[in-house]
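Just so it is clear: chains get the letters A, B, ... in the order the sequence lines come, proteins before strands, and each one is counted from 1.
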Protein chains: 2
Amino acid sequence: MATIKDVAKELGISVSTVSRALNNHPDIKEQTKKEILEVMKRLNYTPNALARGLIHKKTNTIGLMIPDIADPFFSEIANGVEEVLTEVGYQVVYGNTMRNPDKEKLFLSSAKERQMDGLIVTPNFMDEKLLEQFQRLQIPVVFLRRRSPEGLAAPFVDVDHYKGACMAMEHLIGLGHRHIGFIGMPELSFLAELRYQGYVDTMHAHGLTPNPNAITRGGRTIAHGREAMSRICEQNKDLTAIFAANDLLAIGALEWLAIQGIPVPEKMSVVGFDNLEVASLHWIKLTTIAQPRKQMGEEAARIIDRMIREETYQAQSVFFEPELIQRNTCREV
Amino acid sequence: MATIKDVAKELGISVSTVSRALNNHPDIKEQTKKEILEVMKRLNYTPNALARGLIHKKTNTIGLMIPDIADPFFSEIANGVEEVLTEVGYQVVYGNTMRNPDKEKLFLSSAKERQMDGLIVTPNFMDEKLLEQFQRLQIPVVFLRRRSPEGLAAPFVDVDHYKGACMAMEHLIGLGHRHIGFIGMPELSFLAELRYQGYVDTMHAHGLTPNPNAITRGGRTIAHGREAMSRICEQNKDLTAIFAANDLLAIGALEWLAIQGIPVPEKMSVVGFDNLEVASLHWIKLTTIAQPRKQMGEEAARIIDRMIREETYQAQSVFFEPELIQRNTCREV
DNA sequence: AACGTTACCGAAAACGTTCCCGGAAACCTT
DNA sequence: AAGGTTTCCGGGAACGTTTTCGGTAACGTT
């Protein structure tokens, strides 16, 4: 690989001058600059970002740590992040953790070693060691789709999961439903807990008592939803509605109902959470809670950018409002 | 940020010794090594990957350039790539190009500046300038889901799109269909062309002539599929089958048919291409052509790894076989 | 003609590492 | 006791840049 020295030698000039040509510094004659650029092209020269980063203490790199890119939920967030970040000259480095704590820790240390300028993260579960790692990081961080842990002065961008869950439940109860089941995600997940709380609290707020037999927790896929629905239905003949903690679970439930020939919404109402693309498919038309995914990504990106640029910037966390999207899977009872 | 010098000064020893502790070099007393590691922890020291990369001329970084992470097709490929690459100690840097030629070029130059060790790429369209950029790259490259361009001695990992399209068509024709429409992707895409050729050639091979009115090309989304299906159906009353160049288009077609009350497969057979998750949904059950997405990613990763490690390795391109997945959207006629 | 400006350039230090080379003890030999 | 080994450590160059500082020539000014 050709270096700045090579082109300097080629022209019999100093590296300083070549560097000046590169950074269009004013202290250089137009003529020599032109010659230099020519030689660079000829030698197939490309500046070395490592050397630059070493001097400037800046790599123009932002780490984006998320649980799973293949999850459409996150890939859309990621697109939002990337869109605004590349616009201002950053390269984003993904960290796909697959909800594996070790991979999370590995990514964080890698981020520090590689001198990334900032981090946008969605850790799955915050234990002691991970928290400590964040505290020692010395890199600006914003949390995404998750509140930042106490003991860490980092801003976050999130949707109000609790409120969203309450909205879903209010909708169902407002429609007259009294016996409402819940299909939840694994308990160790942060937002699983919030959505579950929304379910429980809203039930109580209306004088209803959640039936433990009508509650499952533990998955996040379509297959889980199918299985959960079958289990719940068999044990609860009087159920008229289901709140699923995410759309994939809801769709699994819908599938099982369709296979059993139980008509939706006539015999069973269901509402999901996330508003994935697939929820709007003609055969599904799921009533669900929407979050502005792309906007959330964009906002997080804007915040991290300012945190890096402005030394004194005191970033504010932001909550996005969830929204009820009414489609065809609920009916009055 | 603490550096190696800081910990050396703290202990009154030389940086060389500290470096030895870091790389567990044999020339160091166990005792001093222990002291060094302790001070490192206390000072919150992390090695600087930029400085290391500068010396070793290796960054342990692989670039993965793909059109769209949010596309489930690519995110699964990406997961395959990442799985094997992180296993052997690489970090993968995504380049989301959104099929934008400028973004592709930007990513390539960024990859070179950042001294990435290797690249796995899925460029959308190969023009003169992009090809030249690849030729000047001086970094090992493997092409993914696309054949490598002539004039570039790079291996590729792909599925035989042409053969897959032929298989889909053979299936339809074998079922007795004679009037078969085609819903295609934008013409400037490399694989769109191959799948289209498969359609045309198989028609001809059976003495059938493709009807220009029953062919659309130009989209890759569900919305496109819906629109294309409506257009084709209105102009071709005798059509009994549709081959859609990808599953999203097929699903769009299916949606339109469902809305119109045209029963599938009774009145219309349809087959797709890609075998996305969503194609197996209960309401869809699309007959389609599968590609081993994750395997393709893994294979590409393994190849790039060897190309980097073994100077003399002559990488072989690999074709994966497409597979016909029969579900419920085709019938004999 | 003497001076101050301006325009342009080079030398060298610095960024944080690694690694080669040499050297000083301390340990074995015989 | 002299020599040879081994063990451990420090000095300093190198990686490819940027940047500060200083310097030289050419210019304009009075």
Side-chain angles (χ1 to χ4, degrees), chain A residues 1-37 39-40 43-61 89 109-117 138-139, chain B residues 1-37 39-40 43-61 89 109-117 138-139:
Chain A
M1 290 268 194
T3 76
I4 218 178
K5 285 183 194 165
D6 297 324
V7 349
K9 203 173 295 171
E10 185 81 7
L11 286 166
I13 59 179
S14 78
V15 294
S16 327
T17 311
V18 178
S19 174
R20 272 187 274 259
L22 223 43
N23 305 294
N24 25 0
H25 193 94
D27 285 4
I28 190 175
K29 222 194 316 184
E30 268 309 314
Q31 174 58 20
T32 47
K33 185 167 167 182
K34 233 174 62 187
E35 288 175 19
I36 290 174
L37 294 181
V39 174
M40 282 180 171
L43 295 190
N44 191 12
Y45 167 81
T46 320
N48 185 323
L50 299 183
R52 279 185 166 170
L54 198 52
I55 283 210
H56 285 141
K57 296 178 181 309
K58 182 123 197 284
T59 55
N60 294 316
T61 296
S109 49
S110 170
K112 196 176 177 192
E113 287 183 13
R114 287 164 194 267
Q115 317 293 114
M116 294 187 188
D117 299 327
Q138 296 169 294
I139 299 177
Chain B
M1 291 269 195
T3 77
I4 219 177
K5 283 183 195 166
D6 296 324
V7 351
K9 203 173 295 172
E10 185 81 6
L11 286 166
I13 59 178
S14 78
V15 294
S16 324
T17 311
V18 179
S19 173
R20 271 186 276 259
L22 222 46
N23 306 295
N24 27 358
H25 194 95
D27 285 3
I28 189 174
K29 222 193 317 183
E30 267 308 314
Q31 173 60 19
T32 48
K33 183 168 167 180
K34 234 175 60 187
E35 290 175 17
I36 290 173
L37 294 181
V39 174
M40 281 179 171
L43 296 189
N44 190 14
Y45 168 81
T46 319
N48 185 323
L50 298 184
R52 279 186 166 168
L54 197 52
I55 284 208
H56 286 141
K57 294 177 181 311
K58 182 125 196 285
T59 55
N60 294 315
T61 297
S109 48
S110 171
K112 197 175 176 194
E113 287 182 13
R114 287 164 193 269
Q115 318 292 115
M116 294 187 188
D117 299 327
Q138 296 169 294
I139 300 177

Sequence neighbours excluded and cut-off under 3.5 Å, please list the side-chain donor-acceptor pairs for residues 4-13 of chain A, or say none.
from: A:Asp6; atom 1: OD2; to: A:Thr3; atom 2: N; distance (Å): 2.8
from: A:Glu10; atom 1: OE2; to: A:Arg42; atom 2: NH1; distance (Å): 3.3
from: A:Glu10; atom 1: OE2; to: A:Arg42; atom 2: NH2; distance (Å): 3.3

statement: Protein-proximity profile, nucleotides 15-24 of chain C, B/S/- by nucleotide at the 4.0 Å heavy-atom cutoff, equals BBBBB-----

task: With rounding to the nearest 0.5 Å, note down the distance linking NZ in A:Lys112 to OG in A:Ser109.
output: 9.5 Å

field: Value in whole Å for how far the P atom of D:dG16 lies from NZ of B:Lys112
entry: 14 Å

query: Under 3.5 Å, is there a donor-acceptor pair between the side chain of A:Thr59 and the main chain of A:Gln115?
result: yes

query: Atom CG of A:Leu43 and atom CE of A:Met1: how far apart are they, to the nearest 0.5 Å?
result: 13.0 Å

For residues 17-26 of chain A, which side-chain donor-acceptor pairs fall under 3.5 Å, sequence neighbours excluded?
from: A:Thr17; atom 1: OG1; to: A:Ser14; atom 2: OG; distance (Å): 3.2
from: A:Ser19; atom 1: OG; to: A:Asn23; atom 2: ND2; distance (Å): 3.3
from: A:Asn23; atom 1: ND2; to: A:Ser19; atom 2: O; distance (Å): 2.8

statement: Separation of C:dA7 atom P from A:Lys33 atom NZ, nearest Å, is 15 Å

statement: When rounded to whole Å, the CD1 to P distance for the pair A:Ile28 and D:dT18 reads 12 Å

B:Thr32 vs D:dC9: side-chain N/O to OP1/OP2 distance below 4.0 Å: yes

query: Measuring from B:Asn48:CG to A:Leu50:CG, what's the distance to the nearest 0.5 Å?
result: 9.5 Å

- prompt: Separation of A:Lys29 atom NZ from D:dA25 atom P, in whole Å?
  reply: 14 Å

